[in-house]
Amino acid sequence: MLTDAAGPVRIIEFMSKTSKRVVTGVLVIVALAVSAGGALGYLGRLTLVFDRHPGKALAILAEVPGPPEGPPCPIDARYFDEKPEGLPPDVLRAWQNLRSKAAEQGVQLCLNDGKRSRGQQRKEFDDAVEKFGTEELASRYVLNPPDLSMHVIGKAVDIQPIESAQWVEKTGGTLGWCRRYENEQWHFEYDATYSTGGCPPMVPSATGG
C-alpha cells in the first residue's frame, strides 16, 4: 500500500499558518482597541483605571462629575436640590438613609452640592477667587488643588437650607454624617466610623486655619 509521507507535514504547515493568522488577527484587534481607548481618553470621553481584578475597568472617581445644578429646593428656592449622582455606592446609601430619617421627623434636606469632578472643583475655586478677591480667602471655602476636596473624593455634601443643616448637625453623627468646618454650616462629610466613634472636632475652615 502506498502512503503519502508528506501528508502529515502539509497538515502541520497548514495548522501553523492558520494559528499565525489567528494570532495576528487577535493582535490587530487588541491594538485597535487600545488605540481607540487612548484616543477617547485623550479627548476626555473615557478615563479608566484597572483594578486588581483583571479585565475589569472602573471610572476614576475624581473625574466623575456631579450634576452642575438641580431644581430649586422646595422649601428655599435660593438653593438647588441636586440628584445625588456620582456619589460612591456606600455614600449614596448613607445619604438616602439620612434624608429618609429627616423626612420621618418632618425635616426636608436639599442637596445643594454633592459630587464634583476635578474640573468642577477648579471652577468652584475660580468662582470663589472672583467672589472673595484672593486665592487665600477663596481656599477657606473651596479647596485647591481639587484632590484635597472631599467633594471630589465623593464623601461630602452641602445641605441647605441652614435649618435643615442644623438638624443634620444635631442628628447626623449617629448616621455617619458630621459637620467638619466652623465656617461652613452646610458642609457635611460621611464616614461610617462617625456613627460609632462620634464626630471629630471641627476645624475653622477648609484650610484648617
Side-chain angles (χ1 to χ4, degrees), residues 33-34 36-53 55-74 76-100 108-132 135 137-161 164-165 168 172 175-181 183-192 205-207:
V34 170
L40 287 171
Y42 179 79
L43 293 172
R45 297 174 186 169
L46 179 66
T47 309
L48 299 175
V49 62
F50 291 95
D51 69 1
R52 296 179 183 178
H53 303 284
K56 183 180 179 183
L58 300 173
I60 296 176
L61 186 61
E63 296 298 346
V64 175
E69 58 186 37
C73 174
D76 193 331
R78 293 177 298 172
Y79 307 106
F80 293 122
D81 188 19
E82 291 182 359
K83 293 182 179 180
E85 295 174 354
L87 295 176
D90 61 324
V91 182
L92 175 59
R93 287 192 297 269
W95 165 252
Q96 292 169 337
N97 186 39
L98 178 69
R99 198 165 193 172
S100 176
Q108 183 165 358
L109 309 182
C110 286
L111 181 58
N112 190 57
D113 201 0
K115 179 69 176 70
R116 299 173 191 156
S117 65
R118 290 188 181 109
Q120 288 174 318
Q121 182 72 13
R122 290 190 192 94
K123 185 178 186 309
E124 288 277 336
F125 181 73
D126 292 342
D127 291 345
V129 171
E130 185 175 343
K131 178 179 179 180
F132 294 107
E135 291 189 358
L137 290 174
S139 65
R140 295 181 186 178
Y141 296 92
V142 183
L143 282 171
N144 189 57
D147 286 343
L148 296 176
S149 172
M150 282 295 184
H151 284 283
V152 173
I153 294 172
K155 293 190 174 183
V157 296
D158 291 344
I159 297 172
Q160 293 288 0
S164 299
V168 177
L175 301 173
W177 291 95
C178 291
R179 178 182 167 191
R180 298 296 294 114
Y181 307 134
N183 69 330
E184 294 187 42
Q185 289 181 274
W186 53 85
H187 179 94
F188 294 85
E189 296 176 8
Y190 174 72
D191 190 314
S205 70
T207 57

Would you call Lys131 and Asp126 a salt bridge, taking side-chain N to carboxylate O under 4.0 Å as the test? no

What one should report as the nearest heavy-atom pair of Ala62 and Asp147 is CB-OD1, 4.2 Å

Tell me if a side-chain donor or acceptor on Gln120 pairs with a main-chain N or O of Ser117 at a distance below 3.5 Å. yes

task: Say whether, by atom type as modelled, one donor and one acceptor occur between the side chain of Asp81 and the main chain of Leu111 under 3.5 angstrom.
output: yes

**Asked** Mind checking whether Phe132 and Tyr141 have ring centres under 6.0 Å apart?
**Response** yes

Nearest heavy-atom contact between Pro161 and Asp76 is CB-OD2, 3.9 Å

task: Would you confirm whether Lys155, through its side chain, and Asp191, through its main-chain N or O, come within 3.5 Å as a donor-acceptor pair?
output: no

- Task: Indicate yes or no for a side-chain donor-acceptor contact from Arg122 to the backbone of Glu124 under 3.5 Å, with no hydrogens or angles considered.
- Result: no

### Query
Do NZ/NE/NH1/NH2 and the carboxylate oxygens of Glu63 and Arg118 come within less than 4.0 Å?
yes

Next on the checklist: For a 4.5 angstrom cut-off between non-hydrogen side-chain atoms, does Asn183 reach Ser205?
Outcome noted: yes

Non-hydrogen side-chain atoms of Leu61 and Pro88 separated by less than 4.5 Å: yes

Can you tell whether the side chains of Glu189 and Arg180 come within less than 4.0 Å, N to carboxylate O? yes

- Are the side chains of Trp95 and Ile159 in touch, meaning some heavy atoms are under 4.5 Å apart? yes

Interatomic distance, SG@Cys110 vs CG@Asp158, rounded to 0.5 Å, equals 12.5 Å

Using atom types as modelled and distance alone, determine if a side-chain donor or acceptor of His151 lies under 3.5 Å from a backbone N or O of Gly114. yes

Check whether any side-chain heavy atom of Arg78 sits under 4.5 Å from a side-chain heavy atom of Cys73, and report yes or no. no

Here the gap from Thr207 atom OG1 to Leu137 atom CG, rounded to the nearest 0.5 Å, amounts to 10.0 Å

task = Give a yes or no on whether the ring-centroid distance for Trp177 and Phe188 is below 6.0 angstrom.
result = no

Are any non-hydrogen side-chain atoms of Leu143 and Gln121 less than 4.5 angstrom apart?
yes

Next on the checklist: Keeping Lys115 on the side-chain end and Pro84 on the backbone end, is there a donor-acceptor pair under 3.5 Å?
Outcome noted: no

Residue set satisfying side chain to side chain donor-acceptor pair (under 3.5 Å) with Ser164, at least two apart, ordered chain then number -> none

dist Gln108:CD -> Arg99:CZ (nearest 0.5 Å) comes out at 6.5 Å

Donor-acceptor pair, Asn112 side chain versus Phe80 backbone, under 3.5 Å? yes

To the nearest 0.5 Å, atom CZ of Arg179 lies from atom CH2 of Trp186 at 8.5 Å

The reported gap from CD in Gln160 to CD in Gln185 (rounded to nearest 0.5 angstrom) is 9.0 Å

With the side chain counted from C-beta on, respond yes when Tyr190 and Leu98 share a heavy-atom pair under 4.5 Å apart, and no when they do not.
-> no

>> Less than 3.5 Å apart, any donor N or O on the side chain of His187 or Asp113 sitting next to an acceptor on the other?
In response: no

